[in-house]
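Below is one structure, written out as structure tokens, with a few remarks after it.
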Amino acid sequence: MKIATYNVNGISARLTVLLRWLQETQPDVVCLQELKAPQEKFPAEALLEAGYEAIWQGQKSWNGVAILSKVGKPEEIRRGLPGNHDDDQSRYLEAKVNGLTIGCLYLPNGNPAPGPKFEYKLRWMEHFAQHAASLLASKEPIILTGDYNVIPTELDAYKPERWVEDALFRPETRAAFEQLLAQGWTDAIRYLHPKETIYTYFDYFRNAFGRNAGLRIDHFLLSPNLKDKLKAAGVDREARSWEKSSDHAPVWIELEDA
DNA sequence: ATGTCCGCGCACCGCGGA
């Protein structure tokens, strides 16, 4: 079973690229982030024609997450994090797909830092960590994937010294991510590729993709019972090179069938 | 500081967000 995550940076502007990528790579399950579309503008029909049933949590202009599947419609478990009721941003969607619990997240960017946006990011990470802990306690097979907006280590940025003040790499952010991993989650990409330079995001400026000036900020966190089922993991860099591409590349893992 | 792309609206450019 192949599961992918893709920050599309606007699903309306990205539809052609998204459909091409689905057609060429055929993932079973896909988590999307940054739909930048209200609930009623989600292209459910075009995706259905491509073979994918979907659930989504839209929002006008910003954010927005979706879970697509061609192995049975995702059974929604929740939208939004528990205990985060005053959060009106569409950033978390969770569903059961093919026996797996899939959490699709778009963690706040947090810039400029310090400031209220950074505080919001750290609060969101606290709520997320609490929820992640309760999911682990269930002993179910769980995947938490999406755009974490976290550069975990120096290996994950092309010039880490340029990012030390940035909300994606500040000590508080990294510490929060480390604490999350310490609960028992496995960072799938790093587990299979411990020393490799792997980037999932390249900004649109200064030919960042052409210079391989990227960041690794889209992650797969696996519950302990899935760790030994992980067969492969990678980044579809090709899709980042296409005309009208997102600033993120799709990231994927392959799990041994349960 | 720069750069680029997306969606929005006091809309055909300028702005916030990333």
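All values below come from the heavy atoms of this structure, side chains included, with hydrogens, waters and symmetry mates left out. Being a predicted model, the structure only gives us computed values, none of them experimental. Proteins come first, then strands; the chains are lettered A, B, ... in the order of their sequence lines, and each starts at number 1.
The CD-C1' distance, from A:Q89 to B:dA18, rounds to 13 Å in whole Å. Distance, A:D203 CG to B:dA18 P: 14 Å, rounded to whole Å. Distance NZ (A:K36) to C1' (B:dG17): 7 Å, rounded to an integer number of Å. Between the CG atom of A:N9 and the P atom of B:dG17 there is a distance of 15 Å, rounded to whole Å. A:F118 has its CZ atom 17 Å from the C1' atom of B:dG17, to the nearest Å. Spacing between atom CG of A:D247 and atom P of B:dC5 amounts to 10 Å, rounded to whole angstrom units. Atom pair A:I217:CD1 and B:dA18:P shows a separation of 12 Å (rounding to whole Å applied). Note: CZ (A:R211) to P (B:dT4) measures 12 Å, nearest angstrom.
If you check distances only, the side chain of A:R206 does reach the base of B:dT2 with a donor-acceptor pair under 3.5 Å.
Positionally, the nearest nucleotide of DNA chain B for A:R162 lies more toward the 5' end than for the other of A:N63 and A:R162. Toward the 5′ end of DNA chain B lies the nearest nucleotide of A:S245, the other residue of the pair A:S245 and A:Y201 mapping further downstream.
Considering A:D147, A:T5, A:N7, A:T145 as possible partners of A:Q33, the one that fulfils the side-chain hydrogen bond (donor to acceptor under 3.5 Å, both in side chains) test is A:T5. When each of A:I55, A:I143, A:L68, A:V29 is checked for a side chain to side chain contact (heavy atoms under 4.5 Å, CB included) with A:V97, only A:V29 meets the rule.
Surrounding NZ of A:K96 are more than 12 heavy atoms belonging to other residues, nucleotides or ligands, all under 6.0 Å away. Counting non-hydrogen atoms of neighbouring residues, nucleotides and ligands closer than 6.0 angstrom, the CD atom of A:Q26 exceeds 12 such neighbours.
Nucleotides B:dC15 and B:dC10 have their P atoms positioned 15 Å apart, rounded to a whole Å. With both ends at atom C1', the span from B:dG16 to B:dA11 equals 16 Å, rounded to whole Å. Rounded to a whole angstrom, the distance from the C1' atom of B:dT2 to that of B:dG7 is 23 Å. For the P atoms, the distance linking B:dA1 with B:dG14 amounts to 22 Å, nearest Å.
Taking only side-chain atoms of A:A13, from C-beta outward, the nucleotide of B:dT2, B:dG7, B:dC8 with the closest atom is B:dG7. For A:P38, counting side-chain heavy atoms from C-beta on, the closest listed nucleotide (B:dA18, B:dG7, B:dC8) is B:dC8.
In this structure, A:R79 fails the cation-pi test against A:Y92, since its NZ or CZ atom is not both closer than 6.0 Å to the six-membered ring centre and inside 45 degrees of the ring normal.
The shortest distance between the side-chain N/O atoms of A:K244 and the OP1/OP2 oxygens of B:dC6 is below 4.0 Å. At the phosphate of B:dG17, neither OP1 nor OP2 sits under 4.0 Å from any side-chain N or O atom of A:K60. For A:R14 and B:dC6, the shortest distance from a side-chain N or O to OP1 or OP2 is below 4.0 Å.
Note on ring orientation: taking the six-membered ring where Trp is involved, the planes of A:F202 and A:Y199 are perpendicular (angle over 60°, cut-offs 30° and 60°).
If you check every strand for non-hydrogen atoms under 4.0 Å, A:K41 touches nothing. Within 4.0 Å of A:S246, counting heavy atoms only, lies no atom of the nucleic acid at all.
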